[in-house]
Amino acid sequence: MGRGRAPRDDVAEVLVTGQQLAEVVDRLARRLTADVGDKNPILIGVLTGAFVFMADLIRRLEFPLEADFICARSYGDGTAAGDLVIEMDVGRDIAGRHVVIVDDILDSGQTLGELVRILQERSPASVRTCCLLDKPQARTVEFEADYVGIQIPDRFVVGYGLDLGYHYRNLPFVGVLRPEVYRPAQD
Ligand code: 5GP
Ligand code: MG
């Protein structure tokens with residue numbers, strides 16, 4: 001991304017508008033309220049991509065909850081489980097607690113699947129997963145989230161927290177970059 005150029009100038013196509021995102025977050029908030037509104041849950045946002053979604057989501061939830069974050073990174077090629085590294089852990093014991101993992105996008109399914117497995121080992125009362133975006137065609141492992149915001153095609157997207165090289169997280173919508181921005185070296 002060039003210095004001084006607006007991030008949105010690098011976007012070829014908007015897949016989910018800001019208005020649609022707000023509606024999706026509202027719908028997810030209603031479902032979470034019905035399911036965990038009386039459980040004083042711990043919502044765990046998966047850094048870094050989920051921070052914008054998490055911020056909007058928790059402000060739609062009008063019940064007692066604890067908000068925390070975890071930073072997990074997959075170092076594998078996305079085809080095998082077990083290579084997830086927790087780079088920053090949650091700050092509290094989750095034993096006996098109701099946990100909702102909040103993530104930006106479900107792609108291969110590897111990160112969220114592995115994260116659920118790791119958190120399950122800590123004896124929580126329950127673990128639910130809430131994902132804003134879902135690319136069902138990209139799955140390499142068997143995993144589905146309990147709450148899915150919106151399904152999108154198997155394309156690389158940015159915006160609303162999702163980045164390319166740390167850029168574009170500030171776009172207020174979800175979009176696809178122009179090919180020359182996405183793959184500058186090859187073209
Ligand atoms: P997984 O393949 O394990 O389901 O997804 C792991 C992570 O890869 C996601 O949480 C997200 O941070 C990142 N990711 C997957 N697809 C995309 C995408 O289209 N755009 C961006 N910016 N990140 C993605
Ligand atoms: Mg992520």
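Note that ligands are numbered from 1 as they come in the structure, with each ligand's atoms numbered from 1 the same way. All of these numbers come straight from a predicted model, not from anything done at the bench.
Counting protein heavy atoms only, atom 1 (P) of ligand 1 is closest to S108 OG, 3.3 Å. From the protein, the heavy atom lying nearest to atom 10 (O) of ligand 1 is D104 OD1, 2.9 Å. What sits closest to atom 22 (N) of ligand 1 on the protein, heavy atoms only, is D163 O, 2.8 Å.
Taking 4.5 Å as the limit, every side-chain heavy atom of D104 sits out of range of all side-chain heavy atoms of F51. Contact annotation: the side chain of V158 never approaches that of H167 to less than 4.5 Å [non-hydrogen atoms, C-beta and beyond]. Looking only at side-chain heavy atoms (C-beta outward), I70 and D89 come within less than 4.5 Å of each other.
Checking T111, L177, D103 against atom 3 (O) of ligand 1, the nearest heavy atom belongs to T111. For atom 13 (C) of ligand 1, the nearest non-hydrogen atom from the set D107, V141, I105 belongs to I105. Comparing heavy-atom distances from atom 17 (C) of ligand 1 across K135, Q110, R139 singles out K135 as nearest.
Of the N or O atoms in F156, none lie within a sub-3.5 Å distance of an N or O in ligand 1. At under 3.5 Å, not a single nitrogen or oxygen of L162, backbone or side chain, sits near a nitrogen or oxygen of ligand 1.
Under the 4.0 angstrom criterion, atom 8 (O) of ligand 1 counts as lacking any protein heavy-atom contact.
For E121, the salt bridge (charged side-chain N to carboxylate O under 4.0 Å, His left out) test picks out R117, with sequence neighbours left out.
In summary, D26 and R31 do not engage in a salt bridge, as defined by a charged side-chain N under 4.0 Å from a carboxylate O. The pair R169-D163 meets the salt-bridge criterion, with a side-chain N (NZ, NE, NH1 or NH2) lying under 4.0 Å from an Asp/Glu carboxylate O. Between E13 and R178 there is no salt bridge, since none of the side-chain N atoms of the basic residue sits less than 4.0 Å from a carboxylate O of the acidic one.
Taking the six-membered ring where the residue is Trp, F156 and Y182 present parallel rings, their angle staying beneath 30° rather than reaching 60°.
Heavy-atom distances between V157 and ligand 1 reach below 4.0 Å in at least one pair. Contact between E114 and ligand 1 is absent, with no heavy atom of the residue lying under 4.0 Å from the ligand.
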